[in-house]
Protein chains: 2
Amino acid sequence: MKNKIKVLRAEHNMTQAELAIKVQVSRQTINAIEKGKFDPSLPLAFKISRLFKLPIESIFFDR
Amino acid sequence: MKNKIKVLRAEHNMTQAELAIKVQVSRQTINAIEKGKFDPSLPLAFKISRLFKLPIESIFFDR
DNA sequence: ATTTTATGTAAAGTTTTATTTACACAAATA
DNA sequence: TATTTGTGTAAATAAAACTTTACATAAAAT
């Protein structure tokens with residue numbers, strides 16, 4: 001599953017570490033998700049979605 | 001995290017077993033998610049969302 | 001030129017999600 | 001009444017998400 005987190009971070013001038021703190025995970029977790037190493041849990045996807053004020057479907061792509 | 005899967009199943013006249021087959025998980029996984037024992041993975045949430053043709057946010061509720 | 005900041009990555013370990021097998025029970029049906 | 005169907009649940013296990021610690025590197029700032 002791909003995602004637009006890196007772009008959204010750039011648009012919001014936010015580092016991986018800053019985003020990690022805001023959604024309460026480790027920086028490595030954000031990095032891994034951005035790099036496609038694994039998918040976020042549903043609750044984490046919701047947190048990211050709310051932070052950027054965008055629907056989950058417009059941030060994460062299943063296909 | 002709560003969800004409306006049981007209601008959506010009812011509306012679509014679908015058993016837990018049928019839904020399980022359609023989204024390719026075990027019946028017990030569907031039951032556990034309906035009963036709130038755990039949250040689905042993001043890919044599974046997407047599958048359910050596509051099946052019922054509804055946004056993830058209208059099926060799953062973080063708060 | 002040196003230090004700081006941001007990112008990438010790796011290994012070991014914990015927690016959460018999902019599977020498999022199995023059984024109990026109620027309601028519908030034969 | 002006996003059987004089938006749908007649901008709830010449990011224990012053992014596997015797989016995936018996430019943490020922690022740690023190190024490497026490139027770019028930006030001092």
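Labels below follow one simple rule: chain letters A, B, ... track the order of the sequence lines, proteins then strands, and each chain is numbered from 1. Hydrogens, waters and symmetry mates are skipped; everything else that's a heavy atom, side chains included, is used.
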Q: Categorize B:Q24 for me: base, sugar-phosphate, or nothing, with a 4.0 angstrom heavy-atom threshold over every strand shown.
A: sugar-phosphate

Q: Could you give the NZ-to-C1' distance, from B:K37 to D:dA10, as a whole number of Å?
A: 7 Å

Q: Taking only side-chain N and O atoms of A:R27, does any of them lie within less than 4.0 angstrom of OP1 or OP2 on D:dC18?
A: no

Q: Could you note down all residue pairs passing salt bridge (charged side-chain N to carboxylate O under 4.0 Å, His left out) where residues 13-28 of chain A supplies at least one of them, sequence neighbours left out?
A: none

Q: Can B:D62 and A:K47 be counted as an ion pair, charged N to O under 4.0 angstrom?
A: no

Q: Kindly indicate whether the side chain of A:F61, heavy atoms from C-beta on, has any atom under 4.5 Å from the side chain of A:K4.
A: yes

Q: Once you round it to whole Å, what is the distance between C1' of D:dA17 and CD1 of A:I48?
A: 12 Å

Q: In whole Å, what is the span from the CE atom of B:M14 to the P atom of D:dT5?
A: 18 Å

Q: Which whole-number value in Å describes the distance from A:M1 CE to D:dA17 P?
A: 9 Å

Q: Distance check: side-chain N/O of A:K47 vs OP1/OP2 of D:dC18, anything under 4.0 Å?
A: no

Q: Which one, D:dC18, D:dT9, D:dG8, comes nearest to the side chain of B:Q28?
A: D:dT9

Q: Taking atom C1' of D:dT19 as reference, at what distance in whole Å does atom CG of A:N31 sit?
A: 14 Å

Q: How would you give the extent of chain A contacts on DNA chain C, as first and last nucleotide 5' to 3' within a 4.0 Å heavy-atom cut-off?
A: C:dA6 to C:dA10

Q: Do A:H12 and A:F52 come close enough that some side-chain heavy atom pair is under 4.5 Å?
A: yes

Q: Would you say B:I59 and A:L54 are hydrophobically clustered, going by side-chain heavy atoms of ILVMFWY under 4.5 Å?
A: yes

Q: Does A:F38 or B:E34 map to a spot on DNA chain D nearer the 5' end, using the closest nucleotide for each?
A: B:E34

Q: I'd like to check A:V23 versus A:I30 (side-chain heavy atoms, cut-off strictly below 4.5 Å). Are they in contact?
A: yes

Q: Taking atom P of D:dA17 as reference, at what distance in whole Å does atom CD1 of A:I30 sit?
A: 14 Å

Q: May I have the distance from A:I21 (atom CD1) to D:dT19 (atom P), rounded to whole angstrom?
A: 12 Å

Q: Which part of the nucleic acid, if any, lies within reach of A:S26 when heavy atoms closer than 4.0 Å are counted: base, sugar-phosphate only, or nothing?
A: base

Q: Name the nucleic acid region contacted by B:T29, choosing base, sugar-phosphate or nothing; use a 4.0 angstrom heavy-atom cut-off, strictly under.
A: base

Q: Name all pairs fulfilling the side chain to side chain donor-acceptor pair (under 3.5 Å) condition that reach into residues 31-43 of chain B, sequence neighbours left out, sorted by first residue then second.
A: B:R9-B:E34, B:Q16-B:N31, B:Q16-B:E34

